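Structure first, then comments.
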2 protein chains.
Amino acid sequence: MSNTHSFTAENYLKAIYHLSTGNNSVVNTNQIAEMTSTKAASVTDMLKKLAEKKLINYIKYQGVTLTDAGKNAAVNIVRKHRLWEVFLVEKLGFKWDEVHDIAEELEHINSESLINRLDDFLENPAADPHGDPIPDRSGTIHQKKLIKISDMHQNQSGIISGVSEHSSVFLKLLEKMGLTLGAKIRISEIIEFDGSIMLLVNDHADKTISREVAKNILVML
Amino acid sequence: MSNTHSFTAENYLKAIYHLSTGNNSVVNTNQIAEMTSTKAASVTDMLKKLAEKKLINYIKYQGVTLTDAGKNAAVNIVRKHRLWEVFLVEKLGFKWDEVHDIAEELEHINSESLINRLDDFLENPAADPHGDPIPDRSGTIHQKKLIKISDMHQNQSGIISGVSEHSSVFLKLLEKMGLTLGAKIRISEIIEFDGSIMLLVNDHADKTISREVAKNILVML
DNA sequence: TTATTTTTTTAGATTAATCTAAAAAATAAA
DNA sequence: TTTATTTTTTAGATTAATCTAAAAAAATAA
């Protein structure tokens, strides 16, 4: 269980993990370079090292997948990241758009007892401030079924429970419109012209959001 | 104010800071090598870089002192270390002998708002779990006057308020003997033979400690 | 004050992570 | 199925932090 991976290797594993969602289980060099803000040549070098450590399955020119060990390591980093985000928002009073970069640093602190105690201190939260599920200490992720607002139909209602875009500009916009986690919404109209959506937020007056915004808000029905 | 110093440079600054206590304001290469667990040659290399960045005053063969900028950086790391230690003990329930290594990692997280919010969350503690003073956000250290038990005389009493040895074995020993921060002690006898000391702890039965132990416990009269 | 010892620095390598530019492989287009 | 394009890898450098061994300076002892 000893986490002897470097800060840097951890970032690559995390990138591979986030890129291998659902259908796309195999990840390419360029995607990783993009996500880690490095160049393809640097990625190739690191892939060799990660393969050496049996954290990824790597075949030249064919892309990579995580091994069980690699997936464990990645999930553990995600767990740490999300728990720290909860801490920053719930205990220190940061806004949900301010915590990503700090959690990005905190996620590399290596202490299993620290993170498990933090988990308990926060009362074992199920999700981070953006609604993303927090893996439990065994690495299991309990993901609730959420749908995009853009996939809802007229008169359907639900509770905002997540976002799929984490940029500060986007989160601040949602904040301003009252579209925060826990808000109850109901689709009042879908505009035919451009697909923008009118909705009631917490039974208050209609607000209109673009299709682009609607695609990035996740709702529990 | 931007903390763009590497993890490693920060550790050297911290080492120099801790070595330049009171009388010994000039610090030597070998002392730094010892404290950072590196070799003298590595220290020399780093000293050149720190001098380049105006964080230390360095003259070949003569040792180093911190510049104001270097001292600020060092004090800031100490502030972060001690605040995190308070967090670990007060909020997460760690013992005072368990927090050093974790704080050693946490102290390198760079976010001024994080540390100031943490400070407030902890209600601006004056000292860490070992009694060491926590620099305030301006960098000022309010150090209480403390004396070693080994410097006390018979019948004198005081409150244990700090330790000058932070090893786990030592702290566990104190824990076991009830010699923890806040305990009230009274010197009942100083044994002539070997200088060991008998004392009352919180008005309970006499305990005896060696001179060596007594030298490392600090008391407020 | 000269000789010896200790401390510090320099010289030259090593390792990890990165880069650019060029070569090789895979994919897409004609 | 050739040709062109894109993706990926290799080759060769660079930077930061470290090391060992040897040289230089400073401190200590004879």
Side-chain angles (χ1 to χ4, degrees), chain A residues 2-16 19-20 23-66 70 73-74 77 104-105 107-108 110, chain B residues 2-16 19-20 23-66 70 73-74 77 104-105 107-108 110:
Chain A
S2 64
N3 251 340
T4 328
H5 318 124
S6 77
F7 191 100
T8 316
E10 289 186 346
N11 281 336
Y12 279 89
L13 287 175
K14 190 179 50 157
I16 297 166
L19 289 167
S20 38
N23 34 13
N24 283 27
S25 132
V26 175
V27 179
N28 309 314
T29 302
N30 271 346
Q31 294 179 284
I32 300 170
E34 158 100 318
M35 180 154 288
T36 56
S37 302
T38 58
K39 297 302 162 71
S42 311
V43 173
T44 301
D45 281 351
M46 183 57 76
L47 293 184
K48 288 181 194 163
K49 291 177 197 164
L50 294 176
E52 190 66 37
K53 292 178 192 161
K54 313 263 190 223
L55 294 166
I56 59 172
N57 304 113
Y58 170 54
I59 308 170
K60 264 197 207 179
Y61 295 104
Q62 316 260 69
V64 294
T65 57
L66 291 170
I77 297 162
E104 204 78 355
E105 292 195 53
E107 73 189 5
H108 297 291
N110 282 318
Chain B
S2 63
N3 249 339
T4 327
H5 319 124
S6 77
F7 190 101
T8 316
E10 289 185 347
N11 281 336
Y12 279 89
L13 288 175
K14 191 179 51 156
I16 297 167
L19 288 167
S20 37
N23 35 13
N24 284 28
S25 133
V26 176
V27 179
N28 310 314
T29 304
N30 271 347
Q31 295 179 285
I32 301 170
E34 158 101 318
M35 179 153 290
T36 57
S37 301
T38 58
K39 297 302 163 73
S42 311
V43 173
T44 301
D45 281 351
M46 182 58 75
L47 294 183
K48 287 182 195 162
K49 292 177 197 164
L50 295 176
E52 191 66 37
K53 293 178 191 159
K54 312 260 189 228
L55 294 165
I56 60 172
N57 305 114
Y58 169 54
I59 309 170
K60 265 198 210 179
Y61 295 103
Q62 315 260 68
V64 293
T65 57
L66 290 171
I77 298 163
E104 204 78 355
E105 293 195 51
E107 73 189 3
H108 298 291
N110 282 319

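All heavy atoms count here, side chains included; hydrogens, waters and symmetry mates do not. Since this is a predicted model, take the numbers as computed values, not measurements. We name chains A, B, ... by the order of the sequence lines, and we start the count at 1 in each one.
The shortest heavy-atom contact between B/N11 and B/T36 is O-CG2, 4.2 Å.
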Contact list (N/O, under 3.5 angstrom) for nucleotides 16-19 of chain D vs protein:
from, atom 1, to, atom 2, distance (Å)
D/dA17, OP1, B/S6, OG, 3.0
D/dA17, OP2, B/K49, NZ, 3.2
D/dT18, OP2, B/Y12, OH, 3.0
D/dT18, O4, B/D45, OD2, 3.3
D/dC19, OP2, B/K39, N, 3.1
D/dC19, OP2, B/S42, OG, 2.4

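Taking 4.5 Å as the limit, every side-chain heavy atom of B/I56 sits out of range of all side-chain heavy atoms of B/V27. Side-chain contact between A/L50 and A/V64 is absent, with no heavy atoms from C-beta onward closer than 4.5 Å. Proximity of B/Y58 to B/T44: side-chain heavy atoms (C-beta onward) are separated by under 4.5 Å at one or more points. Side-chain atoms of B/L55 and B/H5, non-hydrogen and from C-beta on, do get closer than 4.5 Å to each other. When side chains are defined from C-beta on, A/V26 does not count as touching A/Q62, because their heavy atoms never get closer than 4.5 Å.
Phosphate proximity of D/dT9 to A/Y58: present, with a side-chain N or O under 4.0 Å from OP1 or OP2. In this structure, B/K60 reaches the C/dT10 phosphate: one of its side-chain N or O atoms is under 4.0 Å from OP1 or OP2. For A/K48 and D/dT10, the shortest distance from a side-chain N or O to OP1 or OP2 is below 4.0 Å.
Between the CG atom of B/N30 and the P atom of C/dT7 there is a distance of 6 Å, given to the nearest Å.
Residues passing the salt bridge (Lys or Arg N to Asp or Glu O under 4.0 Å) test with A/E104, sequence neighbours excluded: A/K14.
Helical stems of DNA chain D (runs of at least 3 Watson-Crick or G-U pairs, donor-acceptor distances under 3.5 Å) are listed by first residue: C:1-30 with D:1-30.
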